[in-house]
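Order of the sequence lines sets the chain letters (A, B, ...), proteins ahead of strands, with each chain counted from 1.
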Amino acid sequence: MTTIRLTNTKTRTKDVFEPIDPDNVRMYVCGPTVYDRAHLGNARPVIVFDVLFRLLRHVYGADHVTYVRNFTDVDDKINAEAQRRKGLGDPRSLEELIRERTEETIRWYHEDMDALGALRPTQEPRATEWIGAMIAMIGDLIARGHAYEKAGHVLFRVRSYQGYGKLSGRSVDDMIAGARVEVAPFKEDPMDFVLWKPSTDDLPGWDSPWGRGRPGWHIECSAMSHELLGDSFDIHGGGIDLQFPHHENEIAQSMCAHPEADFARVWMHNEMLQVEGKKMSKSLGNFFTVRDLLDKGIPGEVIRFVFLSTHYSKPMDWTEEKARQAEATLRKWRGLVAGVEPAPSPAPSVVTALADDLNTARAIAELHALAGKGDAAGLKASAEMLGLLVAEIDTGWWRSITVAAGTGRATGQGHAPSVVVGTSALEDAAKVLSEARKVALASKDFSRVDAIRRALSNAGVEVRMSKAGIELIPGTNFDPAKLEALK
RNA sequence: GGCGGGUUGGCGGAGAGGUUACGCAGCGGAUUGCAAAUCCGUGAAGACCGGUUCGAUUCCGGUACCCGCCUCCA
C-alpha cells in the first residue's frame, strides 16, 4: 500500500499517515461563511484538500473516506446583508431573508467549486442545523469548569486548558503582552473567547439555558466534527490564517469536552494566496472572486492547474502569466488525451509525488514526463489524481477546428465541431480560409490568406497552417462576433 | 510587540549533502508561402555573511529584504 506522509502543524514534522480506522478515514476542513461569492483565496483550501481527498480515496478506497466541510451560516455579515434587504423594503421576515441569502450563496459556492473540479465532500453540515449539539457541548464545558456564564454570554476559560497555544506556537502571556486582544468587562481573562452570545430582537437567535442567543464562531466546528466524525478523527484542514485563533479555540473546546480523546490527529494548513505579489484585498483593489475569473473566460481547469503548481505550504501567487502558461499546457494535454481511454491506474511516479506531503508541483512535473513520452492513457489516468483532464470540468474550451488539405471538410478535434460553443461562425471561417489558401498556394499570392489570418487573430483565434491543412484554435478571449467581417 | 512563511537560472517552480528537476521564454537546427505548432539539440541558478564537512544551493548560526497571521476580509 502507498505510504502517505503529511506535514502535521501540531508536531511541525512530516510523518507517515496512519489512519485510526483504514475502513473509514475521516477528514474535516473548515468551509466558508456563506454571505457572498467565494473569492479566489477561498478556493485554495478547497483545491488542496480535494487533492488529498482524491489521494485518500485512491489509497483506502472511495467508500472508505469521510470528508466533512461545513457551511457557516450564522454570522454578522449574513445578518447585515439580510437587514440591508429588509431596509430596502423587503416585506419578508429576517429569518426568511437570511435563509434566502445563505441558500443562494451555497448554490453559488457549489457552482464555482464544481467548476474548479472539486469533488463534493461526503457531508456539508450547516451550522444552523447543529445548534442543539453546540448548546449541549457548551453546557458540558460549563459543567466541567472550562466555561462560565456572564452577562448573557458564555465564555471559554482559556486558563483552564494548559495546552492552549500549542498548535500556533504562542503562549497566553505573550499574547496578552501583545495587547491585541479584545477587552470586555465580563471576561475573567482577556484571552477568554465567546461560546454563546445574546441576540437582540432584530437578530436571529435560538433559545438556550442562557437565554435567546447565538453561538460563537468556533464552537460549530467542534460540535459538528464531533457529531459527524467522533471524538477522534484523522485530519483537520484549513487555511493557515485559521490556525489562530480559530483552530486553537477548536482544540481547546474539543479537548476539554472530550479529554480522553485526541480530537484531530493531523493538522494541515495551506498557505495564503497572493495576487501579482500582493495580498488580495479590497483596499488594494486586487480583490476578485472565482466567478469573476470564470466569467472572464478562464476555464476552471486552468485555475485549478495554477493552484496545484505551487506546493500548498507556500504562499501562492496568482498571476495572469501563470494562467496563460497553464492554459497552454492543458490545451496541449487535452488534445493529447482526447478520445483516449485512461490507463487502468495512475502512474506510480504521480501517486508517489502526491503521497509525499501532497507534492502537486512534482506530480505535475511527472505528468509532463508522461506527456513527453506520448503516454496519453497514463497521462489521463494520472491527471485524474489531481482532478485535471477529467470529464466533469471539460467545458470544451480547448477544442479546435481542423480542415485537412484536399478534403475541405471541417472536423473538430476529438469532438464534432457543432459541439464547440459558438463555432458555427468559426467553422465557416475555417472553410473560407482553407479555400483561400488552396487558391493562394497555386497563385503564390497570399494577401487574402494573410488578411483572413489577421481577422481571425483579432477575434482571438490562433491559426496554424501546414501541409496537412489548417487548424483554428479559439482562445479563451474568442469573440465570434468579430468573424462577421469575413463573410 | 508576539508568531509564522518565503528568498533557487530571464520568469514560474521542485527534489536531493557529491550525479539533468520540470515548465515557459531564449538560442541553434529540421520543417514552413510567411508565421505558428511539432521534432532534435543547447546555454543559464541557488539573497548575503560565517560555521560544520573531503565536499553545501541542500545541515547549523547570523544579517538583509519580501509576505502573512495576531483586527471585518481565508
Side-chain angles (χ1 to χ4, degrees), chain A residues 9 12 29-33 35-36 38-46 48 72 75-77 80 165 167-182 191 217 238-248 269-274 277-284 287 305-306 308-319 321-329 331-332 335 352-353 356-357 359-372 374 400 437 440-447 449-450 453-454 457 462-468 470-473:
Chain A
T9 311
R12 296 175 200 259
V29 173
C30 291
T33 300
Y35 72 100
D36 204 353
H39 65 238
L40 194 61
N42 296 127
R44 194 163 189 202
V46 173
V48 165
T72 298
D75 183 83
D76 288 342
K77 289 187 289 294
L167 179 75
S168 53
R170 296 151 199 253
S171 82
V172 175
D173 293 324
D174 287 350
M175 283 185 283
I176 290 172
R180 294 265 190 125
V181 288
E182 183 191 357
M191 288 306 295
W217 170 38
I240 188 71
D241 55 311
L242 297 179
Q243 185 187 37
F244 185 88
H246 183 56
H247 290 162
E248 202 69 75
H269 292 99
N270 61 275
E271 253 292 344
M272 298 289 99
L273 173 97
Q274 297 177 7
K278 293 247 166 58
K279 175 186 177 167
M280 183 172 79
S281 74
K282 285 173 180 165
S283 54
L284 287 174
F287 182 95
F305 188 102
V306 171
L308 295 180
S309 64
T310 299
H311 187 85
Y312 77 85
S313 65
K314 290 193 172 182
M316 197 217 84
D317 195 13
W318 172 270
T319 65
E321 174 61 14
K322 282 186 183 176
R324 197 194 59 71
Q325 286 189 15
E327 184 189 321
T329 300
R331 189 182 292 282
K332 194 158 57 180
T352 300
D356 181 14
D357 198 26
N359 193 335
T360 51
R362 201 170 89 210
I364 287 174
E366 299 297 344
L367 294 182
H368 279 294
L370 293 170
S400 62
R437 186 155 183 272
L441 284 171
S443 70
K444 300 295 172 197
D445 174 7
F446 289 91
S447 56
V449 172
D450 288 338
R453 185 167 65 187
R454 270 196 303 277
S457 172
E462 186 184 333
V463 178
R464 295 178 189 171
M465 293 186 264
S466 71
K467 268 193 287 200
I470 65 165
E471 185 178 9
L472 299 187
I473 303 159

Does the pair A:C30 and A:H247 meet the rule for a side chain to side chain contact (heavy atoms under 4.5 Å, CB included), with working shown? CA-CA 9 Å; A:C30 291; A:H247 290 162; 3.3 Å; yes

NA contact type, A:E366, heavy-atom cut-off 4.0 Å: base, sugar-phosphate, or nothing? nothing

Donor-acceptor pair, A:S457 side chain versus A:R453 backbone, under 3.5 Å? no

Using whole Å, report how far NZ of A:K444 lies from P of B:G33. 7 Å

Of A:K77 and A:S168, the one whose nearest nucleotide on RNA chain B sits closer to the 5' end is A:S168

Treat a base pair as Watson-Crick or G-U wobble with both distances under 3.5 Å, then lay out RNA chain B in dot-bracket form, 5' to 3', with | for cross-strand pairs. (((((((..(((.....[...))).(((((.......)))))....(((((..]....))))))))))))....

Quote, to the nearest angstrom, the C1' distance that separates B:G23 from B:A44. 15 Å

Taking atom P in both B:G29 and B:C22, compute the distance separating them and give it to the nearest angstrom. 23 Å

P spacing across the pair B:C34 / B:G41, given as an integer number of angstrom: 25 Å

What integer distance in Å separates A:N270:CG from B:G68:P? 16 Å

For the C1' atoms, the ones on B:C65 and on B:U8, what distance do you get once it is rounded to whole angstrom? 16 Å

Check whether any side-chain N or O of A:E271 sits under 3.5 Å from a backbone N or O of A:M316 as a donor-acceptor pair, and report yes or no. no

Apply the test salt bridge (charged side-chain N to carboxylate O under 4.0 Å, His left out) to residues A:E321 and A:R324: give CA-CA distance (whole Å), side-chain angles for both, the deciding distance (0.1 Å), then the verdict. CA-CA 5 Å; A:E321 174 61 14; A:R324 197 194 59 71; 3.0 Å; yes

Please report the C-alpha distance between A:K77 and A:D36 in whole Å, then the side-chain angles of each, then the deciding distance to 0.1 Å, and finally whether the side chain to side chain contact (heavy atoms under 4.5 Å, CB included) criterion is met. CA-CA 9 Å; A:K77 289 187 289 294; A:D36 204 353; over 6 Å; no

Measure the distance from CG on A:D450 to C1' on B:A36 and round it to the nearest whole Å. 13 Å

Sugar-phosphate, base or nothing in reach of A:F305, heavy atoms under 4.0 Å: nothing

B:G13 and B:A47, which share atom name P, separated by this distance in whole Å: 15 Å

Base, sugar-phosphate, or nothing: which does A:F446 touch, judged by heavy atoms less than 4.0 Å apart? base

Going 5' to 3' along nucleotides 11-18 of chain B, which nucleotides have protein heavy atoms under 4.0 Å from the base (write B), which only from the sugar-phosphate (write S), and which from neither (write -)? -SSSS---

When you match A:Q274 and A:P45 each to their closest nucleotide on RNA chain B, which lands nearer the 5' end? A:Q274

From the list B:G4, B:C70, B:C67, which nucleotide is the closest neighbour of the side chain of A:R12? B:G4

Taking the C1' atom in each of B:G4 and B:G17, what is the distance between them to the nearest angstrom? 27 Å

Within this structure, what is the NE2-to-C1' distance between A:H269 and B:C3, rounded to whole angstrom? 13 Å

What interatomic distance, in whole Å, is found between P of B:A56 and the corresponding atom of B:C48? 15 Å

With a 4.0 Å cutoff (strictly under), does any side-chain N or O of A:K332 reach OP1 or OP2 of B:C24? yes

Donor-acceptor contact below 3.5 Å, side chain A:E248 vs main chain A:S168: yes

For B:U53 versus B:C27, give the span between their P atoms, rounded off to a whole number of Å. 47 Å

Could you check how far NZ of A:K467 sits from P of B:C34, rounded to whole Å? 12 Å

Output, in order, the C-alpha distance, side-chain angles, deciding distance and verdict of side chain to side chain contact (heavy atoms under 4.5 Å, CB included) for A:N270 and A:I240. CA-CA 6 Å; A:N270 61 275; A:I240 188 71; over 6 Å; no

Calculate the interatomic distance between A:R464 atom CZ and B:A35 atom P; express it in whole Å. 16 Å

Ranking B:G33, B:A36, B:G68 by distance to the side chain of A:E462, first place goes to B:A36

Could you check whether any side-chain N or O of A:D356 sits under 3.5 Å from a backbone N or O of A:N359, counting only pairs where one atom can act as donor and the other as acceptor? no

Expressed in angstrom and rounded to an integer, what is the separation of A:I240 atom CD1 from B:G4 atom P? 11 Å

Name the nucleic acid region contacted by A:R44, choosing base, sugar-phosphate or nothing; use a 4.0 angstrom heavy-atom cut-off, strictly under. nothing

Distance only, no hydrogens: is a donor on one side chain within 3.5 Å (strictly under) of an acceptor on the other, for A:D357 and A:Y312? yes

I'd like to know if the side chain of A:D317 pairs up with that of A:T319 as donor and acceptor (distance under 3.5 Å, no hydrogens or angles considered). no

Side chain to side chain contact (heavy atoms under 4.5 Å, CB included) between A:L273 and A:H39: does it pass, once the steps are laid out? CA-CA 11 Å; A:L273 173 97; A:H39 65 238; 5.9 Å; no

Calculate the interatomic distance between A:M272 atom CE and B:C73 atom P; express it in whole Å. 12 Å

From C-beta outward on A:V449, which listed nucleotide comes closest to its side chain: B:C22, B:G33, B:C70? B:G33

